Amino acid sequence: MYKLNEKVNRKNTSSLKWDGMQPAFGSNELLPMWVADMDFSPPTPVIDAIKERVDHGVFGYTIANGKTAEAIIQWTAKRHGWEIQPEWILYSPGVVPSIGMAIQAFTDVGDKVLLQSPVYTPFFNMITNNMREVVNSPLKLVDGHYEIDFADFEEKLKSGVKLFLLCSPHNPGGRVWRKQELIKIAELCKQYGVKIAADEIHADVIFAPHTHLPLASIDPSYMDFVATFMAPSKTFNLAGLQASFMVVPNKELRKKLMAIQQMQGLTSLNTFGMIAMEAAYSHGEQWLEDCIAYIQENIDLIKKEIAHSLPDLEVMIPEGSYLVWIDCRKTGLNDEELREALLKKAKLAVNFGHSYGKGGEGFIRINPACHRSIVEEGLERLKIAFGN
Ligand SMILES: Cc1ncc(COP(=O)(O)O)c(C=O)c1O
């Protein structure tokens, strides 16, 4: 199983997850189960390709050539059944920067941008940092999973929203939106003339029997108002290499995004990000399958152990993404007390739900994309935090 079961020491590597706890939580002496990256080495062909490029020894300007686009095209066709054209692809250092560019390209200062909380925190920040207004249509918690309140969603669309930020699969809830839900979202946005920025960064880590469906691929008419953002960063644990791409079939939307890229001088990929992206999409699929199987076992362990020992916690099993969202409301602890129990008493670093917006209060998010022994230790620490 490649090196998935090998423990890699990430301390003192400028790792946000391992070395960034001091600024975030006041101590680096915590078990890090927060930031959404994996503790695993990426597929060996990725490391080999980077090494080969290092050995070449000259690191001048890079152009993403046909090989990069070809690797992306083959991957999206094989994994997601979506045939994309090379000219639809724009490169970006990350999906968060792409969201910022979409906000700038498709809306004006003061415009309304819709999201669905609880959701990945930077969705809020990118709207407000760009001086637009956040409009929220909170998700409904139904039988332990999130659903869209379509009546509210439509009301919000009607209120003059210009852009909708979709998180698919959903972070933090791990929901893989069903085809009928995606169609309803797209049809409503089409009806009210609202563009969609579809953040599909978690599209590749999907647990059976679920299937991710790129929103724009469902109907040719959706391609006219949907820009899709994907990346190998979550999939192959390459976030530090800052390489992602946008798929924008509509020429007008693409022109608008390219104008923003040019305003910022952000049109090319980092050399190593590009090399890694090509190698991962071309040779990383077996690694990914093994990785998903390993993470699935970690999630199964979390589910079993919490059900057995911590009945006040309720685990939302992810259908996609490798994040586990846990409802701690039955413990009766408020957000401050949750922080105290987890950070101070148990010395466990997690993401706290209130930062994901309305509906996130009383939840925590933990990251099981790590060595099994860390999951086991994390479970022990949860018992320290919440046990009697
Ligand atoms: C939904 C979502 N979008 C974007 C990102 C980050 O994207 P990037 O590192 O490419 O900016 C994350 C990381 O956790 C995420 O969960």
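For ligands, and for the atoms within them, numbers begin at 1 and follow the listed sequence. Numbers here are sequence positions counted from 1. As the structure is a computational prediction, the values presented were derived from the model and not from experiment. Only heavy atoms go into these numbers, but all of them, side chains included; no hydrogens, no water, no symmetry mates.
- Ranking protein heavy atoms by distance to atom 7 (O) of ligand 1, first place goes to I201 CD1, 3.3 Å.
- Contact annotation: the side chain of D335 never approaches that of F352 to less than 4.5 Å [non-hydrogen atoms, C-beta and beyond].
- Side-chain contact between T128 and F124: absent, with no pair of heavy atoms (C-beta onward) separated by less than 4.5 Å.
- Using a 4.0 angstrom heavy-atom cutoff, Q242 does not count as in contact with ligand 1.
- The shortest N or O to N or O distance between V95 and ligand 1 is below 3.5 Å.
- At the top of the distance list for atom 14 (O) of ligand 1, counting protein heavy atoms only, stands K234 NZ, 2.7 Å.
- In this structure, P93 has no heavy atom closer than 4.0 Å to ligand 1.
- In this structure, A231 has no heavy atom closer than 4.0 Å to ligand 1.
- A salt bridge is defined here as a Lys NZ or Arg NE, NH1 or NH2 lying under 4.0 Å from an Asp or Glu carboxylate O, and D108 with K162 fails to meet this definition.
- Looking only at protein heavy atoms, the nearest one to atom 3 (N) of ligand 1 is D199 OD2, 2.5 Å.
- Separation of the F164 and F153 ring centroids falls under the 6.0 Å cut-off.
- Here the two rings, on W325 and Y356, have centers that are under 6.0 Å apart.
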